[in-house]
2 protein chains.
Amino acid sequence: MVTLEDVAKQAGVSLATASRVLNGSTRQVGADLRARVERAAYELGYRANIAAQTLARGASNVIGIVVHDLTDPYFAALADGAMRAAAGEGLLVMVGTTHRDPEQEIAYVATLNAQRVRAVLLVGSRVADPEVTERLRAELDRYRASGGRAACVGQDLLGVDTVAPANHEGAAALARSLAGLGHTRFAVLAGPPRLMTARDRCAGFVSALAELGLPEPRVIEGPFDRDGGYRAAQETGDATCVFAVNDVMAVGALAAYRERGIRVPDDVSVAGFDDIATLRDQVPALTTVRLPLQDMGARALELALAADEEPTVEQVPGEVVLRESVRALR
Amino acid sequence: MVTLEDVAKQAGVSLATASRVLNGSTRQVGADLRARVERAAYELGYRANIAAQTLARGASNVIGIVVHDLTDPYFAALADGAMRAAAGEGLLVMVGTTHRDPEQEIAYVATLNAQRVRAVLLVGSRVADPEVTERLRAELDRYRASGGRAACVGQDLLGVDTVAPANHEGAAALARSLAGLGHTRFAVLAGPPRLMTARDRCAGFVSALAELGLPEPRVIEGPFDRDGGYRAAQETGDATCVFAVNDVMAVGALAAYRERGIRVPDDVSVAGFDDIATLRDQVPALTTVRLPLQDMGARALELALAADEEPTVEQVPGEVVLRESVRALR
DNA sequence: GCACACTGGGAAACCGCTTTCCGGGAGGTC
DNA sequence: GACCTCCCGGAAAGCGGTTTCCCAGTGTGC
């Protein structure tokens, strides 16, 4: 391993000078010495030891992103946005996936704290479990107490900067649009009730229907993924319009209907939430609520890095996108 | 910031003892002292400083994964597989995305080298540019010279452990299957020729057709993504069967045909490559060559970590999966 | 011509942890 | 009871950088 000392020796200068030349400093170094150091570093193939730098500087140049599942395009888009923003700041990214286990999320915060990362981004829905939330919050507080910054994409439950998609309001707007097409008998593929995102979207949809004086929809719980949507779609009964709380579930529902010979949108209308890019070529094209996922990820990083004292909560509106998977009832 | 010294002081023991208790050691510590240290650490909320540990131990517990694009489900699946394997080994993961810029890939290797990560995984196609490959290889050699381990998913061009999908052979097998259905006029949506993966798949397909004595397919180059497939599909002429070198492009092609009222598979058959999970609900279901992406990612990590001297190259076969997007010509 | 910044170089302290090395006490053997 | 191990606790030397502090040399202003 080539160290700074090797470089300094080869260049015939002190450690201090070599450090100033190679790894940035406010202090100037004379042109000749600077050149000698650079040459030596190049010849030896010197690479600064970041662990040592981090230790000496007391600050690292990496951030941590914790997501539920990287193979879910929702998280991939969010993570990608955050990573682009990070790259723009010259930061490296450590990614952790919890596979939807809240304990893992807590463990990652502890680990990232140990890594002394500059910021931690918690991406994805909180769970409706006060005890778990409290423990996560405690771990996060401990991290922030030692100078770490944090932000979250999801619900504002942790006392940190938050990018909060308007799940409730978006779902409500979608409900109004669908009701405007003449639908009255709805079903909701609601996902798991302990997931706040699922719960908020479901609640927003249900309450909008109530305000319109429409009958209560049938609410079918299940997993938050494609197969969850597939299974839940078996139980939508005589609903003319089905709202899946995310696009991936909606795709599962489409598959279920297709297999059973139920035509979408002729026999039943289907809507999702998120507007996942990879799913835009689905047939029939999915009606959904668009969320600017990449921007949200990038924004979360900005918030985390900004030196504000008060935690900011940024509401992100969703935009209803009507496509072929729903039809108007005459 | 709570340091080990604070803990030791509070527990009334030496730094060495505290270290042995908290951060693992071959040496034993008496039960009472051990308890005192653990209590102090808990009360103070101590978190080991990993940068310091890394420096002192001379070895870190993080690995680096470099992918082209996380929002592409192909890379997401590969990365996920590698990350699961890493988690199983207690390793943390740093992810870098190059956004398909080979220079970025080189830069990441340098950065990860500076981080002294335990292993680097280069995931994704090499490019057919000897000069770039040479520079990447040099950077990689420098990293390995200082004790780093590396592996690659893609082509065996770097002199490191490699998981190599059988692109040529898989595409050839697909060609034979499709020819077996009676097709004779083919087109290939070939992607960018500088991408080895695209090139190999295209070549495998073309050469298999030649061996069968069939006419040369029309080869249409373009970007490796959905829009590339969409655009290339405009030029497939009178081909009865179109092979897109990856699933994402095939989906773009399906969209293009749909818009133009060309029915798949009635008017034209379409096949892809990879068998991306998120795309399995596509209509019509995509004929493709299945690659065990998650396993490949995991395997790459294993190879990198294994203490072998000779670089291993592991060929991964693809399995032709015939689905509704192709039909037999009677 | 002299006090006075100002500049750029080097010595050394320090960041927080691991690990070697040393030493004292307990237990075993003859 | 003398001698030898073995076990466990602590002092201190690193790990590879950054940065403070000191110092010599050079211009400046009057």
Side-chain angles (χ1 to χ4, degrees), chain A residues 1-38 40-41 44-62 111 113-118 143 146-148, chain B residues 1-38 40-41 44-62 111 113-118 143 146-148:
Chain A
M1 213 43 263
V2 181
T3 73
L4 188 60
E5 194 176 354
D6 300 334
V7 175
K9 209 165 288 173
Q10 164 128 348
V13 302
S14 75
L15 213 53
T17 302
S19 170
R20 295 199 260 254
V21 170
L22 295 175
N23 301 321
S25 156
T26 46
R27 295 251 326 237
Q28 297 284 325
V29 173
D32 49 342
L33 286 196
R34 146 164 262 112
R36 291 228 308 271
V37 170
E38 278 165 353
L44 267 40
Y46 171 72
R47 290 273 174 269
N49 182 326
I50 305 260
Q53 278 189 340
T54 300
L55 181 57
R57 291 190 180 143
S60 90
N61 65 153
V62 0
T111 305
N113 184 357
Q115 293 278 346
R116 301 294 188 274
V117 297
R118 269 257 263 289
Y143 167 62
S146 54
Chain B
M1 215 41 265
V2 182
T3 72
L4 188 61
E5 194 176 354
D6 300 333
V7 175
K9 208 165 288 171
Q10 164 127 350
V13 302
S14 75
L15 214 53
T17 302
S19 170
R20 295 199 261 254
V21 170
L22 295 175
N23 301 320
S25 156
T26 46
R27 296 246 332 231
Q28 296 285 323
V29 173
D32 50 340
L33 286 196
R34 147 163 260 113
R36 292 228 309 269
V37 170
E38 277 165 354
L44 266 41
Y46 171 72
R47 288 275 173 269
N49 182 325
I50 306 262
Q53 279 190 338
T54 299
L55 182 56
R57 292 191 180 143
S60 92
N61 64 153
V62 358
T111 306
N113 184 357
Q115 294 278 347
R116 301 292 190 276
V117 297
R118 268 257 265 288
Y143 166 63
S146 54

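All of these numbers come straight from a predicted model, not from anything done at the bench. In what follows, chains carry the letters A, B, and so on, assigned in the order in which the sequence lines appear, proteins first and then strands, with residues in each chain numbered from 1.
- Residue R116(B) contributes atom CZ, which lies 8 Å from atom P of dG16(D) at whole-angstrom precision.
- Y46(B) has its side chain within reach of L4(B): a pair of non-hydrogen atoms, C-beta onward, lies under 4.5 Å apart.
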Distance-only donor-acceptor hits, side chain of residues 15-28 of chain B, under 3.5 Å, sequence neighbours excluded:
from   : atom 1 : to     : atom 2 : distance (Å)
T17(B) : OG1    : S14(B) : OG     : 3.2
S25(B) : OG     : R27(B) : N      : 2.9

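- Counting any heavy atom pair closer than 4.0 Å across all strands shown, I50(A) reaches no nucleic acid atom.
- The phosphate of dT18(D) has OP1 or OP2 within less than 4.0 Å of a side-chain N or O from N23(A).
- Separating the CZ atom of R57(B) from the P atom of dT19(C) is a distance of 6 Å, rounded to the nearest angstrom.
- In this model, the phosphate group of dC15(D) is not approached by any side-chain N or O of N49(A) to a distance below 4.0 Å at OP1 or OP2.
- In this structure the side chain of V37(A) reaches within 4.5 angstrom of the side chain of V7(A), judged on heavy atoms.
- Taking every heavy atom of both residues into account, L55(A) and N49(B) meet most closely at CD1-ND2, 4.3 Å.
- In terms of polar N and O atoms assigned as donor or acceptor, the side chain of R27(B) comes within less than 3.5 Å of the base of dG9(D) in a complementary pairing.
- Comparing atom distances between the A16(A) side chain and each of dG16(D), dG14(D), dG10(C) picks out dG10(C) as nearest.
- The two residues L33(B) and V29(B) make their nearest non-hydrogen contact at CB-CG1, 4.0 Å.
- Atom CD of residue E5(B) and atom CD of residue Q10(B) lie 13.0 Å apart, to the nearest 0.5 angstrom.
- Between dG9(D), dC15(D), dT18(D), one nucleotide has an atom nearer to the side chain of L55(B) than all others, and that is dC15(D).
- Counting only distance, with no hydrogens or angles, the side chain of R47(B) and the backbone of A114(A) share no donor-acceptor pair below 3.5 Å.
- No N or O donor and acceptor, one from the side chain of R47(B) and one from the base of dG16(C), sit under 3.5 Å apart.
- The side chain of L33(B) sits closest to dG9(D) out of dG14(D), dG10(C), dG9(D).
- Within residues 2-14 of chain A, the residues that have a heavy atom under 4.0 Å from DNA chain D are, in order of number, T3(A), L4(A).
- Distances were taken from every side-chain heavy atom of R20(A) (C-beta onward) to each of dG17(D), dC17(C), dG9(C); the shortest belongs to dG9(C).
- Contact check for S146(B) versus V2(A): no side-chain heavy atoms found under the 4.5 Å cut-off.
- Atom CG of L22(A) and atom C1' of dT18(D) are 13 Å apart (whole Å).
- When distances are taken from the side chain of A52(A) to each of dG9(D), dT18(C), dG16(D), the shortest belongs to dG16(D).
- Among the nucleotides dG17(D), dA12(D), dT18(C), the one closest to the side chain of Q53(A) is dG17(D).
- Counting non-hydrogen atoms under 4.0 angstrom, G30(A) reaches the backbone sugars and phosphates but no base.
- Note on S19(B): every side-chain N or O is 4.0 Å or more away from OP1 and OP2 of dC17(C).
- Using a 4.0 Å heavy-atom cutoff across all strands shown, A48(B) reaches sugar-phosphate atoms only and no base atom.
- The nearest heavy atom of DNA chain C to D32(A) and to L15(A) marks one nucleotide each, and the one closer to the 5' end goes with D32(A).
- In the set dG10(D), dG17(D), dG8(C), the nucleotide with an atom closest to the side chain of T17(B) is dG10(D).
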